[in-house]
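Down below is the structure, laid out as structure tokens.
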Amino acid sequence: MNIFVLMKRTFDTEEKIVIENGQIQEEGAEFIINPYDEYAIEEAIQVRDQHGGKVTVISLGSEEAEKQLRTALAMGADEAVLINVEDDVEELDHAGAAYILAEYLKDKNPDLILAGNVAIDGGSGQTGPRVADLLGINYVTTITKLEIDGTNVKIVRDVEGDSEIIETSLPLLVTAQQGLNEPRYPSLPGIMKAKKKPLEELELDDLDIDEDDVEPKIETVEVFLPPAKSAGRILQGDLKVQVKELVNLLHTEAKVI
Amino acid sequence: MSKKVLVLGEVRDGALRNVSFEAIAAAKQISDGGEVVAALFGDQVADLAKELIAYGADRALVVEHPHLKFYTSDGYSQALLALIEQEKPEGIVIGHTALGKDLSPKVASRLQAALISDVTEIEGSGDDAVFVRPIYSGKAFEKVKFKEGLVFITVRPNNIAPLEKDAGRTGDVQSVSVDIKNLRTIVKEVVRNASTGVDLSEAKVIVSGGRGVKSAEGFKPLKELADLLGGAVGASRGACDAGYCDYAMQIGQTGKVVTPDLYIACGISGAIQHLAGMSNSKVIVAINKDPEANIFKVADYGIVGDLFEVVPLLIEEIKALKVNA
């Protein structure tokens, strides 16, 4: 089975966001594999181990993403591809990113493509479905269970806490929701092996893509932090008195109950 | 310049979701005096269309088809694309719900359009509209605008105020027949999760538990408090990882991002990744034994104490308030 994973390098979830000169500061920040993409990588490895085939992890971004791709290889992916757009484009919108990924994938005959259901930085969740649409294949988002039998696929999908039981078929793109699996940590032998696994680096030229093809149709005009919450009131006194005061405050001051 | 804007309403359990009315308000602002056309898909949903008009839509289009009983990206995109072909709107607004998140990128891709998703606020109107949306799960925000072409957005539930309902408003409700075929996805069954009665993303009140809840059993008083307030129960990653509750309840940067009117954090320390998911709630109450817990830094009101003592007292006190009211 020909399996691909779309992976994004993101800020660690424990990082605070600092803005300087209108830009989010990346210096000194820890970067990780987008947590939802980690589920996708884990699932891809499990599907391969069960059905055979090859797992290729693709990341679109800058050279720095090589570190996260090596981690994916150490987890057990077979090959990695870095589409480095650093020198070619300043900004990409979701349509542009999806176009580049689909151009790479279009002649690779993927059976299964996995991605996270959302990246925790941009948070739009558009790229997966857009890639599937450009490739003309079906997609199912926010999955928590995947069973493949030949080309038949049974999926459990999380819909705001409810579960949809779905039947569909390959080729297919799915996006991972939390609960799909428990991603493994790379083992030491895995890390050693990963160093020798193929990691291909491509630029837009290699995919015959022109910068104009991926010209964004939207533009970010400002990035800002939410107003800092000033610490509120810690109530004092006997617990019963505190609770009474709290209910009173919620009712009369905050007017939320 | 005024625009014609199409809104897709959403039905859940036989009723329109609030986010549909919020989407109409957003569409009004984008339309800048232009027409707002509401669309509704499903199996026997025509009666609900009038309510979309009462909330500000100028007219409504209804597509009823057995294939639209359950949401599938193929079925719904065929229906929506047919209406877009018919109406040629200059703007589209959909709720940023499970349905909207799944459907909107596909439709945007079909239309070769950009999409600004998860909008929490709109500044300006018409061509000058700028859209505010959270990034890094609410640790920061960005303002984004369209450079050209279709204005296509999804709006986060609970953020844009709906217009006042006016039952006297009239408008045309048109039934449109669309040929819906070749569904590649079959929904066999929808299993309702009993633990989350009210959807977290739309809940006005959330009572949330962390490691301090100590067990699955420990969530019971939280559920009772949530039920009393008509709210939902959430959890921190710590509580989910410890197996006290389902991941569907997790609030945070991994998990759901919520903005209820009232968020009551019980036994939650307040890791950055959790704060990202809830710190934009309107009013935050923290209950924690540890006076140094991070959660107190974002709380409007804090009680230092054992949640198993505080929550039952809180339930009692709110019941008393309801009796007196």
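These numbers come from the heavy atoms of this one structure, side chains and all, not from hydrogens, waters or symmetry mates. Below, chain A is the first sequence line, B the second, and so on; all start at residue 1. Here the structure is a predicted model, which means the values were calculated and not measured.
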**OP:** Measure distances from B:Glu202 to the heavy atoms of chain A and classify the residue's part below 4.5 Å as side chain, backbone, both or neither.
**Re:** neither
**OP:** Could you look at A:Leu180 and say if it's the side chain, the backbone, both or neither that has a heavy atom under 4.5 Å from chain B?
**Re:** neither
**OP:** Please round to the nearest 0.5 Å and tell me the distance separating atom CD1 of B:Ile318 and atom CG of A:Leu250.
**Re:** 7.0 Å
**OP:** Let me know if B:Val107 has heavy atoms under 4.5 Å from chain A in its side chain, its backbone, both or neither.
**Re:** neither
**OP:** May I ask you to test the A:Lys217-B:Glu148 pair for a side-chain heavy-atom distance under 4.5 Å?
**Re:** yes
Original post:
Do A:Glu14 and B:Gln273 meet the criterion of a side-chain donor-acceptor pair at a distance under 3.5 Å?
Top reply: no
Subject >> Pairs of heavy atoms under 4.5 Å with chain A: top-ranked of B:Val205, B:Thr254, B:Asp261 >> reply: B:Thr254
Original post:
Within a strict 4.5 Å, meaning less than it, do heavy atoms of the A:Ile165 and B:Val191 side chains meet?
Top reply: yes
Original post:
Hey, does B:Asp300 have a side-chain heavy atom less than 4.5 Å from the side chain of A:Arg233?
Top reply: no
Subject >> A:Thr141 versus chain B, the contacting section by heavy-atom distance below 4.5 Å >> reply: both
Subject >> Aromatic plane relationship, B:Phe141 with A:Phe224 - under 30° parallel, 30 to 60° tilted, over 60° perpendicular >> reply: parallel
Original post:
Yes or no on salt bridge (Lys or Arg N to Asp or Glu O under 4.0 Å) for B:Asp102 and A:Arg157, after CA distance, side-chain angles and deciding distance?
Top reply: CA-CA 12 Å; B:Asp102 191 84; A:Arg157 172 171 184 249; 3.6 Å; yes
Subject >> Residue part contacting chain B, namely of A:Asp12, when any heavy atom lies under 4.5 Å >> reply: backbone
Subject >> side chain to side chain contact (heavy atoms under 4.5 Å, CB included) partner of B:Leu313, the single match among A:Val247, A:Leu246, A:Val243 >> reply: A:Val243
Original post:
Side chain, backbone, both or neither: which part of A:Ile24 has a heavy atom under 4.5 Å from chain B?
Top reply: side chain
**OP:** Verify the neighbour count for atom NZ of A:Lys154: are there more than 12 heavy atoms of other residues, nucleotides or ligands below 6.0 Å?
**Re:** no
Subject >> Top of B:Glu317, B:Lys188, B:Arg184, B:Glu189 for chain A proximity - count of heavy-atom pairs under 4.5 angstrom >> reply: B:Arg184
Original post:
Does atom CG of A:Asn21 have more than 12 heavy-atom neighbours from other groups under 6.0 Å away?
Top reply: no
Original post:
Does A:Ile166 reach the side chain of B:Ile186, with side-chain heavy atoms less than 4.5 Å apart?
Top reply: no
**OP:** Taking only Lys NZ, Arg NE, NH1 and NH2, and the carboxylate oxygens of Asp or Glu, determine whether B:Lys139 and A:Asp121 approach each other closer than 4.0 Å.
**Re:** no
Original post:
Taking side chain as C-beta onward, heavy atoms only, is A:Ile234 less than 4.5 Å from B:Phe296?
Top reply: yes
Original post:
For B:Lys256, does the NZ atom sit with more than 12 other heavy atoms under 6.0 Å from it, leaving out its own atoms?
Top reply: yes
**OP:** Give, as side chain, backbone, both or neither, the part of B:Lys106 having an atom under 4.5 angstrom from any heavy atom of chain A.
**Re:** both
Subject >> Greater than 12 external heavy atoms within 6.0 Å of B:Lys282's NZ >> reply: yes
Subject >> For chain B, the option from A:Leu134, A:Val159, A:Leu239, A:Asp93 that forms the most heavy-atom pairs under 4.5 Å >> reply: A:Leu239
Original post:
In terms of heavy-atom pairs under 4.5 Å with chain A, which of B:Arg133, B:Glu142, B:Lys204, B:Lys147 leads?
Top reply: B:Lys147
Original post:
Quick one: do the A:Ser124 and B:Asp118 side chains pair a donor with an acceptor below 3.5 Å?
Top reply: no
Original post:
Considering all heavy atoms of both residues, which atom of A:Tyr36 and which atom of B:Gln253 are nearest to each other, and what is their separation?
Top reply: OH-O, 4.1 Å
Original post:
For the atom pair CD1 (B:Ile287) and CD (A:Gln242), what is the distance rounded to the nearest 0.5 Å?
Top reply: 10.0 Å
Original post:
Can you name the closest pair of heavy atoms from B:Ala108 and A:Arg130 and give their distance?
Top reply: CB-NH2, 3.3 Å
Original post:
Non-hydrogen atoms of chain A under 4.5 Å away: do they reach the side chain of B:Ala299, the backbone, both or neither?
Top reply: backbone
Subject >> Stepwise side chain to side chain contact (heavy atoms under 4.5 Å, CB included) test for A:Glu219 and B:Val144 >> reply: CA-CA 6 Å; A:Glu219 146 179 54; B:Val144 194; 5.8 Å; no
Original post:
Rounded to the nearest 0.5 Å, what separation is found between the NZ atom of B:Lys145 and the CD atom of A:Glu222?
Top reply: 12.0 Å
**OP:** Quick one: closest heavy-atom pair of B:Ser73 and A:Tyr139, and the distance?
**Re:** CB-OH, 3.3 Å
Original post:
Can you name the closest pair of heavy atoms from B:Arg237 and A:Thr13 and give their distance?
Top reply: NH1-OG1, 4.4 Å
Subject >> More than 12 heavy atoms from other groups under 6.0 Å of CG on A:Asp238 >> reply: yes
Original post:
Side chain, backbone, both or neither: which part of B:Val285 has a heavy atom under 4.5 Å from chain A?
Top reply: side chain
Subject >> For chain B, the option from A:Gly125, A:Pro226, A:Pro227, A:Ala95 that forms the most heavy-atom pairs under 4.5 Å >> reply: A:Pro226
Subject >> salt_bridge(B:Arg12, A:Asp162) N-O dist < 4.0 Å >> reply: yes
**OP:** Measure B:Pro260 against the heavy atoms of chain A and call it side chain, backbone, both or neither at under 4.5 Å.
**Re:** neither
**OP:** Determine, for B:Arg110 against A:Asp133, whether the closest basic-nitrogen to carboxylate-oxygen distance falls under 4.0 angstrom.
**Re:** yes
Original post:
Measuring from B:Ile135:CD1 to A:Phe11:CZ, what's the distance to the nearest 0.5 Å?
Top reply: 9.5 Å
Original post:
So B:Asp74 and A:Asn138, side chain to side chain contact (heavy atoms under 4.5 Å, CB included) or not? Walk me through it.
Top reply: CA-CA 8 Å; B:Asp74 280 339; A:Asn138 193 20; 4.1 Å; yes
Subject >> Distance-only donor-acceptor check, side chains B:Tyr301 and A:Glu253, under 3.5 Å >> reply: yes
**OP:** Tell me, out of A:Gly122, A:Ala228, A:Gly179, who's got the most heavy-atom pairs with chain B below 4.5 Å.
**Re:** A:Gly122
Original post:
Out of A:Ala254, A:Gly128, A:Ala132, which one racks up the most heavy-atom pairs below 4.5 Å with chain B?
Top reply: A:Ala254
**OP:** For the pair B:Leu115 and A:Gln126, evaluate side chain to side chain contact (heavy atoms under 4.5 Å, CB included) and give the outcome as yes or no after the intermediate values.
**Re:** CA-CA 8 Å; B:Leu115 165 66; A:Gln126 292 188 36; 3.5 Å; yes
Original post:
Do you know which of B:Gly149, B:Ala286, B:Gly255, B:Ala271 has the most heavy-atom pairs with chain A at a distance under 4.5 angstrom?
Top reply: B:Gly255
Original post:
Which bit of B:Thr72 is near chain A, if near means a heavy-atom gap under 4.5 Å: side chain, backbone, both or neither?
Top reply: neither
Subject >> Value rounded to 0.5 Å, distance of CD in A:Gln236 from CD1 in B:Ile303 >> reply: 10.5 Å
Original post:
Is any side-chain N of the basic residue among A:Glu160 and B:Arg17 closer than 4.0 Å to the acidic one's carboxylate O?
Top reply: yes
Subject >> Nearest-0.5 Å distance, CD1 of residue B:Ile272 to CD of residue A:Glu15 >> reply: 8.0 Å
